[in-house]
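Lettering of chains follows the sequences in order, A, B, ..., and the numbering in each one begins at 1.
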Protein chains: 2
Amino acid sequence: MATLKDVSRASGFSITTVSRALNGYDDVNKETRDKIMSVAKELGYSPNILARSLVKKQSKTIGFLVTDLKRESVKDNFMFETLCGVSDELSELDYEFVLLSTTTSKQKNKTYGQMCAERQLDGVVIQGLKRDDPYLLEAIESKVPCVLVDIPVEGENTGYVTSNQLDSAKQAVRYLIRLGHRHIAFMNGAPHAYVSTVRYDAYRQVMQENDIDANDAYVLNGDFEETAAKDVALPFLLNHPEVTAIFCASDVMALGVLQATRELGLNVPEDLSIVGFDNILLSQYVSPTLTTVGQRPYEMGRKAAAMVVDIVDGKDVPHEAFVNNQLILRESVTKNRR
Amino acid sequence: MATLKDVSRASGFSITTVSRALNGYDDVNKETRDKIMSVAKELGYSPNILARSLVKKQSKTIGFLVTDLKRESVKDNFMFETLCGVSDELSELDYEFVLLSTTTSKQKNKTYGQMCAERQLDGVVIQGLKRDDPYLLEAIESKVPCVLVDIPVEGENTGYVTSNQLDSAKQAVRYLIRLGHRHIAFMNGAPHAYVSTVRYDAYRQVMQENDIDANDAYVLNGDFEETAAKDVALPFLLNHPEVTAIFCASDVMALGVLQATRELGLNVPEDLSIVGFDNILLSQYVSPTLTTVGQRPYEMGRKAAAMVVDIVDGKDVPHEAFVNNQLILRESVTKNRR
DNA sequence: CTTGCTTTCCGAAACGTTTCGGGTATAAAA
DNA sequence: TTTTATACCCGAAACGTTTCGGAAAGCAAG
């Protein structure tokens, strides 16, 4: 591959001049610039990004750090959609984009700082970390800018983009109550996940503001997994026939509940109303279609990417951004007739 | 961030020795190696990959080139799954992985060669290119190793991994015929896509080997899109009530056909048997569930990644690999009762 | 003629590695 | 004692850029 030196030799100008010509500096004569340009094109020159990054000490690449990238996450298209958003935004901004996948165990081998340093990442957007993952703290304390999706944390070089989690979750529970439901269960996900805690808070607060006593037995744990949710829903529904509605912290778990109802011969929504969270692709294809709180991961990805390069560029921008969720009404909920 | 020079200064050994110690050369004393190791750890040293790549002239990174990475592709989880496969395999092999997304129009701005050279990619795995995309030819002729998924092309530094496309497609059509269907339509995708041509060939060959006359009117074009497929299926089904089965070149188009039947008040599979191709996630959730030819993109991703690094490493490996498809029997097909 | 300003160019150092070709002890062999 | 082998270490060049600090030439002003 042609290098600066080749162009220099072929055009008769020094390496310095060639570099300056190609980079649009103005202390180079129009004629020589044209000459250099044409020679460069002829030789098929294109700059070696590695060398450039080495001396400029910035790589023009952003990392997209994601935990537990595995085949199963296919069901949860959230990650893929934010990835698309990040990718689109970065390519518009002329940044590269490397995918960093990690697991909780891998984080012990290599520190977050090392990971960034090795690759000279200018910034990173992070998705899906757990609250107690070592990388979370490291990322916040690190000098390299990062923005988190769905984990509100502020810091010098840290930003986040999230949705109106609490409000939209409250809206979902209020919706059930307005339809006459009183015995409403809550299917929680991994307790350490940030999103779990706020969805749980929403549930509790709305119940309280409607003077419905909290019943700890109504709070289940499905660990954000379909089968786990089914397994825990089966005995619960059997033992609590008075429950007419359930709010799930994720659609995937809602699907599990749906399976449980089928096995028990219950009808949805007549016997049990279900509302999920995420608006995954499947939610509009299952039968009955799933009422759910829709997130917009693509937009979140775009905003996260945009914010991180703004921080990298030293622009003085707000370090938080919101993308509004939306309650999407479908077939899995109906009025309480009991 | 700590550099080799820092470790050198702090440990009292030369940069050369430090480098050699850290890289496991054997001409360094055990004691000094230990000393250097501990100093390096203390300083949190980790090598600058950029600098290393620059001198070694290989970056230990593989590109994953994908066309038309857009939100819509979410429905077609094929890409995402191969991505997971590639990612998993490469991380096991200690290679980096950058995602390169391109569109047909973007390919005019920057040549494939430039793209590889800039980033010093050691190799690339390519997915979803169209037969007439400029990058395809460039990739084959390029010196940097590449392996294509689902496009059989051989060359010095080129390999591919594909599935037994033709056989499995034939199997699907034979299945319909064995169930007594004679008037079988074919929903084709983008005519320029490689997969389209082979699925079409399979259809024609099986029809012929069963002495069923080819009827050009039975070949539709749904452009691999749900709505396009629906729009073309609607009038077709209306005008050809004798057709009892349809073989679709993709599940997404099969879903379109399914919609069309609903609008026409036809029952699947009683009035029309449908078989798709791809086994996308949705196919097991729609009602009726979709009989389809299942691909295994995750395995293809893994094999592709493994093959490309083998080629990079100069190993003498076969430049083709196969992952067998499988006909998955579900509800959307039944015996012809007419 | 000297001074100073523009315009246009370039040499050399720097970024953080790897690696080639030695060099200097110490120990073993002659 | 001198030679040879071995074990350990290091200087310097190289990879392909960018950029700092000038330098040469031309020209206007004093």
Side-chain angles (χ1 to χ4, degrees), chain A residues 1-37 39-40 43-61 96 113-122 144, chain B residues 1-37 39-40 43-61 94 96 113-122:
Chain A
M1 210 56 196
T3 72
L4 264 194
K5 205 194 283 186
D6 297 327
V7 180
S8 157
R9 215 170 1 227
S11 66
F13 293 94
S14 78
I15 291 181
T16 303
T17 303
V18 172
S19 171
R20 298 181 76 79
L22 259 21
N23 285 296
Y25 284 68
D26 59 1
D27 65 343
V28 30
N29 192 1
K30 170 118 176 43
E31 281 177 44
T32 79
R33 182 193 304 276
D34 290 347
K35 178 79 185 300
I36 287 172
M37 292 284 214
V39 172
L43 264 49
Y45 169 80
S46 72
N48 183 320
I49 294 191
L50 273 53
R52 170 182 296 170
S53 302
L54 187 59
V55 27
K56 295 185 72 157
K57 284 173 152 304
Q58 48 141 308
S59 59
K60 276 264 187 184
T61 97
E96 300 310 324
Q114 284 180 327
M115 199 186 62
C116 294
E118 281 184 355
R119 255 162 278 268
Q120 299 267 105
L121 295 181
D122 290 347
V144 2
Chain B
M1 209 57 197
T3 72
L4 265 195
K5 205 194 284 186
D6 298 327
V7 179
S8 157
R9 211 164 10 221
S11 67
F13 293 95
S14 78
I15 291 182
T16 302
T17 303
V18 173
S19 171
R20 297 179 79 78
L22 261 20
N23 286 296
Y25 283 69
D26 58 2
D27 64 344
V28 31
N29 192 2
K30 171 117 176 42
E31 280 178 44
T32 79
R33 182 194 304 277
D34 290 346
K35 178 79 187 300
I36 286 172
M37 291 285 212
V39 171
L43 264 51
Y45 169 80
S46 73
N48 183 320
I49 294 191
L50 271 54
R52 171 183 295 170
S53 303
L54 187 59
V55 28
K56 294 186 69 157
K57 282 172 151 305
Q58 46 141 306
S59 58
K60 278 264 190 183
T61 96
D94 256 326
E96 300 308 324
Q114 283 181 327
M115 199 185 62
C116 295
E118 282 184 354
R119 252 161 279 270
Q120 299 267 104
L121 294 181
D122 290 347

- prompt: Rounded to the nearest 0.5 Å, how far does CZ of Arg9(B) lie from CG of Asp6(B)?
  reply: 5.5 Å

statement: note: Leu50(A), atom CG; dA14(C), atom P; distance rounded to Å ~ 22 Å

query: Taking atom types as modelled, is there a side-chain donor on Ser14(A) or Thr17(A) under 3.5 Å from an acceptor on the other?
result: yes

message: At 4.0 Å (heavy atoms only), tell me whether Ser19(B) reaches a base, stays on the sugar-phosphate, or touches nothing.
response: base

task: Would you kindly give the CD1-to-C1' distance between Ile36(B) and dC8(D), to the nearest whole Å?
output: 11 Å

query: Counting just side-chain N and O atoms, does Lys57(B) come under 4.0 Å of either OP1 or OP2 of dG16(D)?
result: yes

- prompt: How many angstroms lie between CZ in Phe13(B) and CD1 in Ile36(B), if you round to the nearest 0.5 Å?
  reply: 5.5 Å

query: Out of dC10(D), dT18(C), dG16(C), which has the shortest distance to the side chain of Lys56(B)?
result: dT18(C)

Side chain of Lys5(B) - closest among dC15(C), dC8(D), dG11(D): dC15(C)

- prompt: Base, sugar-phosphate alone, or nothing: which one does Ile15(A) contact when heavy atoms must sit under 4.0 Å apart?
  reply: base

field: Between dC15(C) (P) and Lys60(A) (NZ): distance, integer Å
entry: 22 Å

OP1 or OP2 of dT17(D) under 4.0 Å from side-chain N/O of Asn48(A): no

- prompt: Charged N to carboxylate O below 4.0 Å: is that the case for Arg20(B) and Asp27(B)?
  reply: yes

- request: Nearest-nucleotide wise, let me know which of Pro47(A) and Gly12(B) is further upstream toward the 5' end of DNA chain D.
  value: Gly12(B)

task: Measure the distance from CG on Asp34(B) to P on dC8(D) and round it to the nearest whole Å.
output: 12 Å

query: Are any non-hydrogen side-chain atoms of Glu96(A) and Arg119(B) less than 4.5 angstrom apart?
result: yes

query: To the nearest angstrom, how far is Leu22(A) atom CG from dC10(C) atom P?
result: 14 Å

statement: One should read off an interatomic distance between Met115(A) CE and Leu121(A) CG, to the nearest 0.5 angstrom, of 6.5 Å

field: Rounded distance (Å) that lies between atom C1' of dC8(D) and atom NZ of Lys35(B)
entry: 16 Å

Please list, one pair per line, the donor and acceptor atoms closer than 3.5 Å that link side chains of residues 43-54 of chain A to other protein atoms, with sequence neighbours excluded.
residue, atom, partner, partner atom, Å
Asn48(A), OD1, Leu50(A), N, 2.8
Asn48(A), OD1, Ala51(A), N, 3.1
Ser53(A), OG, Ile49(A), O, 2.8

- prompt: To the nearest 0.5 Å, how far apart are CG in Asn29(B) and CZ in Arg33(B)?
  reply: 9.0 Å

- prompt: By salt bridge (charged side-chain N to carboxylate O under 4.0 Å, His left out), which residues pair with Lys30(A), not counting sequence neighbours?
  reply: Asp34(A)

- request: Treat primed atoms plus P, OP1 and OP2 as sugar-phosphate and everything else as base, then score nucleotides 20-28 of chain C 5' to 3': B for base contact with protein heavy atoms under 4.0 Å, S for sugar-phosphate contact only, - for none.
  value: B--------

- prompt: Where along residues 114-122 of chain B does a heavy atom come under 4.0 Å from DNA chain D, residue by residue in number order?
  reply: none

- request: From the options dC8(D), dT17(D), dT19(C), select the nucleotide whose nearest atom is closest to the side chain of Thr3(A).
  value: dT17(D)

Gap between atoms CZ and P, on Phe13(A) and dA23(D) respectively (whole Å): 21 Å

query: In terms of side-chain heavy atoms of Leu54(A), which of dG16(D), dT17(C), dG11(C) is nearest?
result: dG16(D)

- prompt: With respect to the phosphate group of dT18(D), does any side-chain polar atom (N or O) of Asn23(A) fall under 4.0 Å of OP1 or OP2?
  reply: yes

message: If you assign each of Tyr25(A) and Ala51(B) to its closest nucleotide in DNA chain D, which residue comes earlier from the 5' end?
response: Ala51(B)

query: Bend angle of the helix from dC1(C)-dG30(D) to dA30(C)-dT1(D) from five-pair axes at both ends, rounded to 10°?
result: 70°

message: Rounding to an integer number of Å, can you tell me how far Gln58(A) CD sits from dT17(D) C1'?
response: 13 Å

task: For Thr32(B), report the nucleic acid contact type (base, sugar-phosphate, nothing); a contact means any heavy atom under 4.0 Å.
output: sugar-phosphate

message: Under the rule for salt bridge (charged side-chain N to carboxylate O under 4.0 Å, His left out), what residues qualify as partners of Asp94(B), not counting sequence neighbours?
response: none

